[in-house]
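Below you'll find the structure, written out as structure tokens, and then a few comments.
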Amino acid sequence: MAAAKATASASAAATRVSAVFRSNQELTRLARSGQLAAARRLFEEMPRRNVVSYNAMLSALARHGPLADARRLFEEMPRRNVISWNVMIAASSHHGHVTDARELFDAMPARDDFSWTLMVSCYTRAGELGLAREVLDRMPGDKCAACYNAMISGYAKNGRFDDAVTLLREMPAPDLVSWNSVLAGLTRNEGMSLSVQFFNEMPEKDLVSWNLMLEGYVRAGDMESANAFFARVPSPNVISWVTLLNGYCRAGRMNEARELFDRMPERNVVAWNAMLAGYVHLSHMEEAYKLFMEMPDQNSISWTTMVSGYVHAGKLQEAKDVLNKMPFDSVTAKTALMHGYLRSSRIDDARKLFDGLVVRDAVCWNTMISGYVQCGMLDEAMVLFQQMLNKDMVSWNTMIAGYALYGQMRKAISIFRKMNRRNTVSWNSIISGFVHNGLFVEALQHFMHMRRDSKRADWSTYACCFSACANLAALHVGRQFHSLLVRSGHISGSFSGNALISFYAKCGRILEARQVFDEMERQDIVSWNALIDGYASNGNGADAILVFQEMEANDVRPDEVTLVGVLSACSHSGLIDEGLHFFNSMTKLYSLKPVAEHYACMVDLLGRAGKLREAFELVQGMHMEPNAGVWGALLGACHVHKNHELAQLAAEKLFQLEPRKTSNYVLLSNFSAEAGNWNEAEKVRFLIKERNVHKPPGLAGST
DNA sequence: TATGCGTAGT
């Protein structure tokens, strides 16, 4: 009897255990597929839970929920094991909360291989390679391969191949992941020739290695090599196919992409999404929609791709409709729509979406912050920036660039100095800020600091430096930058090339400017404009017009800036008839409507020729309000031709438009003095004092 | 049954 009872209760217990076991399995499945709400429901409904149930729920929250919820569950758990601690470390690491991860790691009662590996990868993800290495070195006993591999991958991702390879040689038993980690770093940072060499020397390879190489060719935009390599992959899997497909999509070769997609032996949701993204990228929304409807199953990425596609195509209503039908809660999709609103200056709509989000990632925060920055609402941007807990490099750089753009360099510098780590963009933001605000020496000094920080300069850095050198007329320094640029390999890009043309032109070295222009791989409209402007500002109007004709012969359509260059060329070289011809025919010949800058050129041109009356009539006939440039040109012309009456009028307009600009007052004051009108000169000097006009400080607006 | 290191889609 007693034995029968015992058997019955034992079998009941076994049933309960297997019920918990089955629920745990289901919970894990939901957690892995990101179905957070369903996971929560199941967890709440479970009559019995063990530590595995808690860990599965914890992992769901850690991966897909707010970090605070994971933290709360962790605190509430009746019993924790090493896995519970590990999941929390992973969660903190993924949210970029490095300090929290470290505190958990230090506080946990016992650590296993996973704990050490997680801590290493947490640090490498944050770019803290030194701290990661300390953790690896401190790991007791036989270190596991995963822990070594996390460190090797960290080195490789950050371009430190010597360190990666050294550690690879030191570890007792490198495995496929070790080799592939180094290979991934090479294909992503160092181009294909080194990658091929390493790939050929690898003692063992698997499909991941082949796929990494394939991705390398795709990344390099070399689809012919990618295709040839694909043919050599022993037995390509769906990842190999998608990698190649993605290459054709990125190259905009949609016919070949579609042909490949139709040929694929197996299409998973990632493959469908890749094809979908290809259409969306080219704003082929009708094709995209058709494909979207054909998909056997759409996941949150498919929906998000559609939302961002409509946003990109400027169809905000369609984007909103898709978002409302979306069965997933996706930060990325909502952020895409926020982007759309911000691009249409609908900042309140964007903010409403932002406020409605329960989980926000760094991209979402940064989108809202940069939205405020672009509207000049820097205080609002700063409030969000301060509220943001997981600031990333983009957050910091956005604020720096924002303050720099609006002339508040003191605040920009203060944020820059508070950064623990800086990347190339951080340095570029501060350097371009200095250039933008006329602080050219500071810009160059910071370039030197950047080199000491061993951050790589890119084309943007060099463009800023050339601009600074041009403004300082520092020919010698600029030449040194030029040779640095040549050594750095960024010479082929048109951005730095264009800055270099302007630099030589502004230093009066028009032949060298021309040489840079001729040596560029591809000249864009900015290159032509820089060269035309170079000839113009060097008083070589006839050559500027020759270049303009050369540009037309090359079928490059002139834009507004080109015409400013051409007109100022005519003005500087006294080519009055030519100037009038270009000005009068720019609408008919090039479909360009004259803007204030063009009028300023014409006023200058007529003024220099002493035709002050015609110049004034032109100003009066403008179909827009004349700006400071126009009145300034007129004032300058009056100065040369001693027309005091007209000068007075122009100066008054200028004072209205630019009450704080010293040079206007100085110009009028000197002019009055020269004309013997000392009372007037004195009056202007008084005005300067009274209106408290200072020389525009580069650090203006930072109080 | 729950956690880590290398490859594809926002």
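Basis for what follows: all heavy atoms, side chains included, without hydrogens, waters or symmetry-related copies. Here is the naming used below: chain letters follow the sequence lines, and residue numbers restart at 1 for every chain.
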message = Does this structure show an ion pair linking A/Arg253 with A/Glu256, if we count only N-O contacts that are shorter than 4.0 Å?
response = yes
ask   = So does A/Arg258 pair up with A/Glu287, basic N to acidic O under 4.0 Å?
value = no
Looking only at the side chains, is there a donor atom on one of [X] and [Y] sitting less than 3.5 Å from an acceptor on the other?
X: A/Arg133; Y: A/Tyr155; result: yes
X: A/Thr187; Y: A/Arg219; result: no
X: A/Asn397; Y: A/Ser429; result: no
X: A/Asp321; Y: A/Gln317; result: yes

Lys/Arg cation over aromatic A/Tyr54: A/Arg79, 6.0 Å, 45° cone = no
Hey, does [X] reach any base, or is it just sugar-phosphate, or nothing, if we go heavy atoms under 4.0 Å?
X: A/Arg29; result: nothing
X: A/Val87; result: sugar-phosphate
X: A/Ile83; result: base
X: A/Asn237; result: nothing
X: A/Arg32; result: sugar-phosphate
X: A/Arg219; result: nothing
X: A/Arg49; result: nothing
X: A/Lys205; result: nothing
X: A/Thr332; result: base
X: A/Cys147; result: nothing

inquiry  = Short of 4.0 Å, heavy atom to strand atom, which residues of residues 211-218 of chain A count as contacting DNA chain B?
reply    = A/Asn211, A/Leu212, A/Glu215
message = I'd like the 5' and 3' limits of the part of DNA chain B contacted by chain A, with heavy-atom contacts below 4.0 Å.
response = B/dT1 to B/dT10
message = Ring-plane angle category for A/Trp179 and A/Phe198, please: parallel below 30°, perpendicular beyond 60°, tilted otherwise.
response = tilted
message = Classify the ring geometry of A/Phe354 against A/Trp365: parallel below 30°, tilted from 30° to 60°, perpendicular beyond 60°.
response = perpendicular
